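On a predicted model such as this, the values are computed, not experimentally measured, just so you know.
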Amino acid sequence: MATTRSRQEIDSNSAGNRDRYEPATFEKKWQDRWEREGVYKVPDEVPGKENWFALVMFPYPSGELHIGHWYQYSGADTHARFKRMQGYNVLHPMGFDSFGLPAENAAIASNIHPRIYTETNIVNMRRQFRLMGGSYDWDRELATHQPEYYRWNQYLFLKLYEAGLAYQSRGFANWCEGCQTTVANEQVLDGACERCGTVIARREMDQWFFKITEYADELLQMEHIDWPNKIKVMQTNWIGRSQGVDFQFDISEYGLAEKHLTTFTTRIDTVYGVTFVVLAPEHPLVEQLTQPEQREAVAEYVAQAARTTEIERTSTEREKTGVPIGAYAVNPLNGERVPILIGDYVLATYGTGAVMGVPAHDERDFIFAKKYGLEIRVVIAPDGWDGSDLDGAYLAPGKQINSAEFDGLSSKEGIEKIADKIESNDLGNRRITYRMRDWQFSRQRYWGAPIPIIHCDDCGTVAVPEADLPVELPQESDFKPTGRSPLADDPDFINTTCPDCGKPARRETDTMDTFVDSSWYHMRFASPQLADAPFDADAVKSWLPVHQYMGGAEHAVMHLLYARFFTKALRDLNMVDFGEPYSRLFNQGLLIKDHQKISKRSNPLAPDPLIDRYGADTIRCYLMFLGPWDQGGDWSDDGLAGITRWLNRVWDLCVRDTSGLSSSGDEAAEKELVRAAHKTTRRAVQDLERFKFNTTISALMELSTEMNRQWESGSISASTWSATIDRMLLLTAPLAPHIAEELWERVGHSFSIHSQSLPDWDDDLAADEVITVVVQINGKVRDRLQLVANVSEAEAFEAAFASDKVKVYTDDTEIVRRIYVPGKLVNLVVK
RNA sequence: GGGGAAGUGGCGAAAUGGCAGACGCGCAUGCCUUAGGAGCAUGUGUCUUAAUCGACGUGCGGGUUCGAAUCCCGCCUUCCCCA
C-alpha cells in the first residue's frame with residue numbers, strides 16, 4: 001500500500017486532500033461490524049413486529065459468484081432490507097444447494113472428492129456473499145450435502161413412503177448418457193437433458209417415484225397465491241389436465257385373456273367416425289395380437305420405434321408412420337370391425353397407449369389415413385358443409401351426423417350423451433388424465449442423499465428405521481459414474497442386515513434428485529440447527545409460508561412445482577398446516593452479456609475485480625439501475641460512470657461543512673426542498689415495494705441534484721438540510737448499504753442505519769403549489785398554463801380562453817365540447 | 001403448429017387512457033485543471049429554422065376515444081414455454 005498509491009489517493013492529494021468517496025476504505029469495516037454486532041440476526045419472534053420471510057433461491061456451490069448471481073442476490077437483498085426498514089422482523093437466510101451433478105461433474109473433472117470440492121467452493125462463495133453486503137443471518141446457513149440436513153430428507157422420504165406417496169416401479173425411464181443417470185420428465189427439454197444437452201434415451205429400469213399426480217387437481221388451484229401469471233400458465237400447461245373417456249373395443253375373437261382393447265379419447269363425440277385403432281409400439285397387447293404374416297414387419301417397426309426419441313415421435317413436423325398388425329377390433333357402438341395398427345406417434349405412457357383413429361376429426365389421424373388409404377368418415381359436420389371430401393381434419397365443434405341416434409345433436413351435447421351411453425352399457429368410463437407423470441426422483445449417481453431403503457430376499461423392500469438415520473454417504477467410495485450407482489460397487493455400503501428379520505440384505509444404492517432437497521429447505525431455515533426433527537413446529541408457524549420468494553423463472557415446472565407438492569403432502573401428514581410454500585413469488589429477469597447468458601462455464605464475469613475498482617455499492621446500484629428487475633438486462637461497463645457520479649455526489653452532499661448554514665432559511669426555498677424530499681420518499685417507497693429499483697434510483701438521483709441546487713442558493717437552514725440528508729440516506733440504505741452506513745455515522749448518527757425505520761411521507765408536503773395545466777385543441781397541445789394547485793374547473797377554462805395561443809384556434813369556431821381533467825388538462829373540441 | 005411476453009432517441013430506459021423520451025450512458029460546447037478515464041455548467045428525438053413558431057414521431061396497417069406508447073383487431077420481428 002505504501003508503494004502503490006491508488007489513483008484516488010493521488011486525486012485526493014492533488015485536490016487538496018478533499019474528502020472523497022473511496023469505498024475500499026470502509027466497506028469491509030462495516031461488513032465486519034454488521035456481523036460482529038449481529039445486525040441481521042433474527043429471532044423467531046419480536047414483540048410488536050410482524051415477521052417477513054424473504055427467501056431467495058439458494059445457489060449451487062459452483063465455486064464463484066458471477067455477476068449474474070449478483071444481479072439476483074443484490075435485488076433480493078435490497079427488497080429484504082427494504083422490508084426490514086419498514087419495520088418487519090425479516091428472515092433473509094442463505095444456504096447452498098450442494099448436492100447434485102454440477103458439483104459432482106466438476107469434482108470428477110478435477111479429480112477431487114465432491115465433498116472437498118463442494119466445501120471449498122462454499123467457503124469462497126460465503127466470502128463473496130459478504131463482499132456484496134448481503135444482509136444474511138449466517139447463523140441459519142444450511143448446505144444440503146451435510147448429513148445433518150439430508151438425514152431429514154431421508155426422514156421425509158420415509159414419511160411419504162409410509163403414506164404411499166413414494167414407490168418403486170419398473171418402467172421406461174429417461175436415461176441421460178452424458179450424466180449417466182435417469183432424469184425426471186421435468187428435466188427433459190426438447191428431448192434433451194436439461195443439464196448437459198445429451199439426447200435422452202428410453203431405458204427400462206427400476207426407479208423411485210413420488211406420487212405428484214395424486215395432487216394434480218390441487219396443484220392446478222393457484223388463485224390464492226400471488227405469483228406471476230406466466231408461471232401459473234406454465235404449471236397449468238405442464239399438468240395438462242384433460243377430460244375424456246376410456247372406451248373399450250372388443251377383441252374377444254382372438255381368444256386372449258384380455259377381451260377388450262381400451263382407448264382413451266377426449267373426443268368421444270367422434271366415436272362413430274372410427275376407421276382404425278392405433279396402438280403404441282410398446283403396448284402390451286401388440287405381441288399377442290400380431291398375426292403371423294405381419295410378425296416380421298411389426299418386429300422391425302417396434303425395434304425402430306425403440307431407437308426413436310419421444311420428442312421425434314410426437315413432433316408435428318415428422319411424417320406419421322405405422323404398420324398394420326393384421327388384427328381387428330370391433331367398435332361396440334356400431335359393430336364395425338376396424339384394423340389395428342401400431343404407430344410411434346402414440347405413446348405408451350399417455351392415456352392408455354391406444355387411440356381410436358378418427359381421420360376426419362384429428363390431424364394426425366387424417367394424415368395417417370391418407371397415407372395408408374383408410375376410410376375418412378365425417379361425423380361432425382362443419383357449418384354449411386356440402387358433403388364433399390375434407391381437405392384436412394375438421395377439429396372444431398359442429399353437428400353430429402352418421403352417428404346413429406345422436407344425429408342432429410351438437411358435438412358438445414354429443415360428448416355428454418355418448419359418454420352416458422358408454423357408461424350405462426359398461427363399454428367404458430369417463431376419465432380425467434394428466435400430461436404430468438409421477439416425479440421420478442432416483443438417480444444413479446454418488447453425490448446425493450441415499451434413499452433409505454433395504455432390500456431383503458425374504459421381507460422385500462424395507463424402510464430403514466428412523467433411528468438408523470442418516471444413511472450416510474460413504475466417504476471413500478469411488479464416485480465416478482459407471483451407469484449404475486457408484487454406491488452399488490461399495491460392499492461396505494451395500495451389505496447390511498434386514499431391519500425386520502435380521503438376515504443379510506442389500507441397501508438401495510440410488511440417490512435422490514436434488515430437487516428433493518430444495519422442496520423443503522424453506523422449512524429447514526426456520527430451525528436450521530434442530531437435531532431431532534426436520535423443523536420446529538413453532539418456528540415454522542412463525543415464519544411460513546414464505547412471504548416473498550425470489551428467483552428465476554427457469555424453475556417453473558421443476559423446483560416450484562415439486563415444492564408445492566411437498567408442502568401439500570406434508571400438510572396431509574399433519575406436519576404443517578398450510579398447503580402452499582411461497583405466498584408471493586417474484587421472478588427476476590436474466591442478466592446477459594454479449595447476447596449470452598452469464599455462467600461460470602461459458603461467459604464468466606467475475607465480480608471481485610469490479611468491486612476492487614468500483615466498490616460493492618456501485619455494482620449493486622448499477623445492476624439495479626439497468627432496467628426493471630423482472631426484465632433482466634445486458635451487462636456492459638459503459639453505464640457504471642453514472643452510478644459512480646451519483647454516489648460521489650451523495651458523498652459530497654453529506655460531508656459538506658454545514659457550520660455556515662443559518663438557523664432559519666428562506667421560507668420558499670425550504671418548502672421546495674421539503675417537497676422534493678417528500679416526493680422522493682413516496683416514489684422510492686412505492687417503487688421498492690414493487691421491485692422497481694431502477695426508478696427508485698432515478699428518484700434519488702433527482703433528489704441529490706435538487707439538494708445541490710438548493711445548497712447553491714444558500715437559503716436552506718441547517719435543520720432542514722440535515723433532515724433532508726437523513727431522509728436521502730435512509731432511502732439509499734437498502735440499495736447501497738455500505739455508503740449509507742458510513743455517511744450515517746459521519747453526519748453524527750449512531751450505528752446502525754439498517755436498524756432504522758424508513759421515513760414517512762406527507763402528501764400535503766409533497767404537493768406542488770403551482771401546477772402545469774395543458775391546453776389541447778382537438779387533442780393537440782397548444783399551450784401550457786401555470787396555475788395554482790387547487791384551481792377550479794371554471795378558473796381553468798377561463799385561463800385557457802385567455803391564452804393568445806389558444807385564441808388563434810378558437811376564434812371563428814364553434815366549441816362543441818370541453819373536457820377537463822382536474823389539475824392536468826383542458827381539451828377544447830372545436831369545429 | 002399452439003400458448004405467453006415484448007418491440008419507444010445513437011444506447012439502457014421512463015410514462016399503463018391525459019405534456020412521449022424522466023433518470024442515466026454517450027455526444028457537443030464552455031469552465032476548472034500541468035494533466036484527465038476527475039469535477040462543474042449548458043445543450044442533445046427527427047425535419048425545418050439564425051432562434052422561435054411549426055410539422056412529424058413509440059415495429060407496420062386499421063379501429064375505439066375529445067384524447068392512444070398505453071385499450072381492441074390484423075400483420076411483421078424478437079425472446080420464453082410447450083408440441
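- Among the protein residues, A:R782 comes within range of the sugar-phosphate backbone only, with heavy atoms under 4.0 Å from sugar or phosphate atoms but none that close to a base.
- Look at CG on A:N708: it is 8 Å from P on B:C40, rounded to the nearest Å.
- Using a 4.0 Å cut-off between a side-chain N of Lys or Arg and a carboxylate O of Asp or Glu, A:R709 and A:E712 do not qualify as a salt bridge.
- The side chain of A:A641 has B:G26 as its nearest neighbour among B:C81, B:G24, B:G26.
- Residue contacts shown for A:K232 are absent, as no nucleic acid heavy atom lies under 4.0 Å away.
- Note on A:R435: a side-chain N or O is less than 4.0 Å away from OP1 or OP2 of B:A83.
- No donor-acceptor contact under 3.5 angstrom links the side chains of A:Y820 and A:N827, judged on distance only.
- With C1' as the reference atom, B:A28 and B:C79 are 36 Å apart, rounded to whole Å.
- Rounded to whole Å, atom P of B:C82 lies 11 Å from atom CD1 of A:I231.
- Residues A:R683 and A:Q776 each lie close to RNA chain B; by heavy-atom proximity, the contact nearer the 5' end of the strand is made by A:Q776.
- Between A:Y21 and A:W651, the two ring planes are tilted [angle within 30° to 60°].
- Remark: the separation of the P atoms in B:A15 and B:G7 is 12 Å, to the nearest Å.
- Between the side chains of A:T433 and A:S242, at least one donor-acceptor pair of N or O atoms lies under 3.5 Å.
- Nucleic acid contact for A:R709: none, since no nucleic acid atom lies under 4.0 Å from a heavy atom of the residue.
- Rounded to a whole angstrom, the distance from the P atom of B:C11 to that of B:C27 is 15 Å.
- In this structure B:A35 sits in no base pair that meets the Watson-Crick or G-U test at under 3.5 Å.
- B:G7 is paired with B:C76 under the criterion used here, namely a Watson-Crick or G-U wobble arrangement in which both key atom distances are under 3.5 Å.
- The listed nucleotides are B:G18, B:C19, B:G12; the one nearest the side chain of A:L825 is B:G18.
- Within 4.0 Å (heavy atoms only), A:T772 reaches at least one base atom of the nucleic acid.
- Distance noted for atom C1' between B:G10 and B:C76: 24 Å (whole Å).
- Checked against B:G26, B:A83, B:C19, the side chain of A:R645 finds its nearest nucleotide in B:G26.
- Between A:E702 and A:K679, none of the side-chain N atoms (NZ, or NE/NH1/NH2) sits under 4.0 Å from a carboxylate O, so this pair counts as no salt bridge.
- Here the P atom of nucleotide B:C66 and the CZ atom of A:F797 are 15 Å apart, to the nearest Å.
- One P atom belongs to B:G45, the other to B:U52, and the distance between them is 11 Å to the nearest Å.
- One atom, CG of A:L561, and another, C1' of B:C81, lie 14 Å apart when rounded to the nearest Å.
- Heavy atoms of A:V829 sit under 4.0 angstrom from primed sugar atoms or phosphate atoms, though from no base atom.
- Spacing of C1' atoms, B:G39 relative to B:U48, comes out at 37 Å, to the nearest Å.
- In the set B:G39, B:C19, B:G26, the nucleotide with an atom closest to the side chain of A:N648 is B:G39.
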| task | Dump the intermediate steps for side chain to side chain contact (heavy atoms under 4.5 Å, CB included) on A:T724 and A:M728, then the final yes or no. | result | CA-CA 6 Å; A:T724 311; A:M728 177 182 70; 5.7 Å; no
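- For B:G17, there is no paired nucleotide, since no Watson-Crick or G-U wobble pair has both relevant distances below 3.5 Å.
- Partners of A:D637 according to the salt bridge (Lys or Arg N to Asp or Glu O under 4.0 Å) rule, which considers only residues two or more places apart in sequence or in another chain, do not exist here.
- Look at CZ on A:R656: it is 11 Å from C1' on B:C40, rounded to the nearest Å.
- Between A:I643 and A:R784, it is A:R784 whose nearest contact on RNA chain B lies nearer the 5' terminus.
- Closest contact between the side chain of A:F625 and the listed nucleotides B:A14, B:G24, B:A38 involves B:G24.
- B:G9 has its base syn relative to the sugar, with a glycosidic angle deviating from 0 by at most 90°.
- Defined by atom type and a distance below 3.5 Å, a donor-acceptor pair is missing between the side-chain atoms of A:R437 and A:T213.
- Picking from B:A15, B:C19, B:C56 the nucleotide with the shortest atom distance to the side chain of A:K780 gives B:C56.
- Taking atom C1' in both B:G21 and B:G9, one finds a spacing of 7 Å when rounded to whole Å.
- For the C1' atoms, the distance linking B:G54 with B:G61 amounts to 27 Å, nearest Å.
- Checked against B:G18, B:A14, B:C19, the side chain of A:V774 finds its nearest nucleotide in B:C19.
- Put simply, CG on A:D634 and CD1 on A:I592 are 4.0 Å apart, with the number rounded to the nearest 0.5 Å.
- The closest side-chain donor-acceptor pair between A:N778 and A:R817, if any, does not fall under 3.5 angstrom.
- Contact annotation for A:N694: backbone-only contact, meaning every heavy-atom pair under 4.0 Å involves sugar-phosphate atoms and none involves a base.
- Residue contacts for A:I819: at a heavy-atom cut-off of 4.0 Å it reaches a base atom on one of the strands shown.
- With B:A14, B:C66, B:G12 as the choices, the nucleotide that has an atom nearest any side-chain atom of A:R817 turns out to be B:C66.
- The base-pairing partner of B:A55, taking Watson-Crick or G-U wobble contacts with both distances under 3.5 Å, is B:U46.
- Distance CD (A:Q631) to C1' (B:G7): 11 Å, rounded to an integer number of Å.
- Looking at residues 696-706 of chain A, you'll see A:S698, A:M701, A:E702 sit with a heavy atom under 4.0 Å from some atom of RNA chain B.
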